[in-house]
Amino acid sequence: MDAIRIRGGRPLRGTIQISGAKNAALPILCATLLSDGASRIRNIPQLRDIVTTAQLLRVLGRQVSIDMPEITVAEGGDVKPEAPYDLVKQMRASVLVLGPLVARYGRARVSLPGGCAIGTRPIDQHLKGLEAMGCSIRLEQGYVIAEGPNGGGRLRGAEICFDIQTVTGTENLMMAAALAKGRTTLINCAREPEIEELGRVLNKMGASIDGAGTDVIHIQGPERGELAPFDHAIIPDRIEAGTYMVAAAAVEGSEVRISGGELADLETLVVKLRATGVEVEALDRDVVVRRTRPLKPVDITTATHPGFPTDMQAQFMVLMSTAGGKSVITETIFENRFMHVPELQRMGASIAIRGNTAVLQGVQTLFGASVMATDLRASASLVIAGLVATGETEVRRVYHIDRGYEAIEQKLAIVGADITRIKGAEA
Ligand code: EPU
């Protein structure tokens with residue numbers, strides 16, 4: 001297994017180019033199931049989750065050609081609407097094929113994803129929504145089996161109110177409703193920019209969707225049960241941009257231009273960064289982050305968009321670990337997303353956990369150590385900790401990072417970090 005070795009303490013200077021958004025690319029790749037013909041998706045990030053999704057689409061009977069940063073998905077041979085456990089367990093977002101498959105083929109058999117490092121992550125909201133659209137759902141041997149009305153017929157539009165806001169739940173039901181007969185109203189939807197992006201793509205395919213990116217979405221199903229192929233370039237990854245903004249903020253003396261970071265999608269992070277004393281400035285379509293003085297402590301509470309993103313919580317915690325005073329970080333989205341805390345403590349951070357709250361007392365500096373993480377964003381936070389720390393840090397189990405950050409060590413090396421990937425390091 002690869003590891004990343006960092007010798008910390010060097011300010012970052014230069015420009016980092018942001019890749020396409022993982023969490024936009026995944027549902028959009030799944031949306032190709034709603035049509036035949038060849039759909040072309042551009043600005044795809046080179047990530048392990050993308051490869052897994054391509055494999056999944058092939059298993060489902062699609063022809064997938066990859067020529068990064070582009071992927072073309074076309075009609076293949078026989079469609080087998082079945083997502084096997086081996087692929088779903090690698091990536092929970094595989095559940096995003098459920099809505100498109102049952103809407104298009106009247107039937108789907110998709111493995112239940114099971115728990116993961118950050119929480120139990122049920123999919124009850126996805127299933128309740130599909131049931132409201134006339135699906136019959138049963139669970140059998142770890143699989144969800146969904147069938148359209150009257151033994152595989154077309155889904156019916158419905159009024160659906162989510163009990164909690166869910167990103168992939170909203171996306172799954174949008175894709176299902178895009179082919180359903182009649183009108184669907186989704187209420188209490190998640191409002192992430194990636195949902196808005198999926199809405200744009202579905203509309204390009206000929207769907208009629210209004211309100212994606214707000215908490216109420218209206219979808220008018222088409223006359224016939226099929227949509228057209230599309231050509232689309234994916235928006236930049238706001239979480240990747242946010243991660244590099246925090247990396248720049250973490251080391252005093254840094255000035256990094258983040259190319260392709262959309263400030264409008266990162267407002268809460270920007271407000272919080274500015275409150276720490278870091279300068280954040282929009283320049284043309286880029287963002288410049290400048291750290292010139294010691295950090296002030298700031299509290300954060302994660303929330304659905306436009307609140308502070310849970311996917312930035314671990315990285316922000318590293319920042320607060322060397323701030324001048326006490327800060328409080330509360331995680332409200334996932335029940336187990338403090339897995340990075342024990343590792344940061346090993347690097348000298350002072351953090352006390354009380355339920356879903358972490359109380360930090362800023363320290364002078366962190367110290368390099370061998371660390372490892374169990375999820376993507378926690379791994380990224382440990383890389384940032386390595387950039388701050390004196391001495392050498394080795395972040396193990398880098399495959400988590402490779403799921404969601406394209407060439408992280410190369411992008412950080414370009415701005416002056418002393419960082420290398422060690423191939424086949426000890427696990
Ligand atoms: N939830 C339920 N029932 C459901 C669905 C969700 O109880 O049917 C709960 C979850 O357990 C969680 C909360 O609702 O406590 C929110 O989960 P959500 O469904 O919004 O998360 P997700 O759709 O599985 C996406 C991103 C995550 C990101 C979350 C929150 C994708 C592919 N994944 O996950 O991204 O953390 O939204 O913003 O879009 C990452 O990229 O590292 C990542 C984990």
Side-chain angles (χ1 to χ4, degrees), residues 19-31 45 47-50 52-53 56 88 90-99 110 112-132 137 144 160-175 186 188-198 215 234-235 237-243 265-266 268-269 302-315 331-337 339-340 356 373-381 399-406 408:
S19 302
K22 167 179 84 83
N23 289 347
L26 300 178
I28 289 171
L29 281 163
C30 296
L47 302 173
R48 204 161 63 93
D49 276 7
I50 297 290
T52 308
T53 308
L56 178 58
V88 177
Q90 288 179 38
M91 189 192 64
R92 295 184 50 83
S94 308
V95 75
L96 284 166
V97 299
L98 181 62
V110 175
L112 274 170
C116 79
I118 59 177
T120 50
R121 301 181 75 178
I123 56 162
D124 56 300
Q125 300 298 311
H126 307 226
L127 301 184
K128 269 171 70 173
L130 290 174
E131 274 177 332
I137 307 260
V144 177
I160 297 161
C161 183
F162 290 101
D163 299 324
I164 48 158
Q165 292 186 346
T166 154
V167 176
T168 49
T170 303
E171 292 165 346
N172 233 338
L173 295 192
M174 270 166 76
M175 291 189 278
L186 302 176
N188 196 26
C189 299
R191 291 165 292 174
E192 271 64 3
E194 294 76 19
I195 296 173
E196 202 178 335
E197 173 81 339
L198 176 65
D215 53 4
I234 304 281
I235 49 169
D237 194 313
R238 68 192 164 99
I239 303 298
E240 190 199 16
T243 300
D265 291 340
L266 282 166
T268 319
L269 175 66
T302 62
T304 54
H305 193 78
F308 192 94
T310 173
D311 289 345
M312 286 302 305
Q313 177 260 109
Q315 301 90 314
E331 170 60 52
T332 70
I333 305 294
F334 292 111
E335 67 266 33
N336 195 20
R337 216 172 191 185
M339 304 293 277
H340 42 288
N356 67 344
T374 41
D375 85 273
L376 166 60
R377 308 303 171 186
S379 308
S381 79
Y399 60 87
H400 289 296
I401 300 190
D402 293 337
R403 287 189 47 205
Y405 290 91
E406 181 175 314
I408 191 170

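All values below were derived from every heavy atom in this structure, side-chain atoms included, with hydrogens, water molecules and symmetry-related copies excluded. As the structure is a prediction and not an experimental result, all values here were calculated from the model. Each ligand, and each atom within it, is numbered from 1 in the order the structure gives.
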With heavy atoms of [X] as the reference, note each atom of ligand 1 found under 4.0 Å away.
X    : value
I333 : 12 (C), 13 (C), 15 (O), 16 (C)
I123 : 4 (C), 8 (O)
A93  : 32 (C)
L376 : 42 (O)
Q125 : 3 (N), 4 (C), 8 (O)
D311 : 27 (C), 28 (C), 35 (O), 36 (O), 40 (C), 41 (O), 42 (O), 43 (C), 44 (C)
H126 : 8 (O)

Please state which part of [X] comes within less than 4.0 Å of ligand 1, counting heavy atoms only: side chain, backbone, both or neither.
X    : result
D375 : neither
T310 : side chain
P122 : both
D124 : both
H305 : neither

Could you say whether the N/O atoms of [X] and ligand 1 ever approach to under 3.5 Å?
X    : result
R121 : yes
F334 : no
N23  : yes
I164 : no
K22  : yes

Beyond-backbone contact of [X] with [Y], side-chain heavy atoms, under 4.5 angstrom:
X    : Y    : result
V144 : I123 : yes
L130 : I137 : yes
D237 : Y405 : no
E171 : E192 : no
T53  : I50  : no

Side-chain donor-acceptor pair under 3.5 Å between [X] and [Y], yes or no?
X    : Y    : answer
Q165 : T304 : yes
H305 : E196 : no
Q125 : T166 : no

Review point. Is the backbone N or O of F162 less than 3.5 Å from a side-chain atom of N188, with the two atoms forming a donor-acceptor pair by type?
Key: yes

Review point. When you look at D402 and R48, which way does the salt bridge (charged side-chain N to carboxylate O under 4.0 Å, His left out) test go after all the steps?
Key: CA-CA 6 Å; D402 293 337; R48 204 161 63 93; over 6 Å; no

Check your understanding: Less than 4.0 Å between a side-chain N and a carboxylate O, is that true for E194 and R238?
Key ->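 Looking at R238 and E194, the cut-off is met.
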
Exercise for review: Return yes when R377 approaches ligand 1 closer than 4.0 angstrom through a heavy atom, no otherwise.
Suggested key: yes

Review point. Does R337 have a heavy atom less than 4.0 Å from any atom of ligand 1?
Key: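 Yes; R337 lies near enough to ligand 1 that a heavy-atom distance drops under 4.0 Å.
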
Practice item. Mind running side-chain hydrogen bond (donor to acceptor under 3.5 Å, both in side chains) on H126 and N172 for me, showing each step along the way? Key: CA-CA 7 Å; H126 307 226; N172 233 338; 3.1 Å; yes

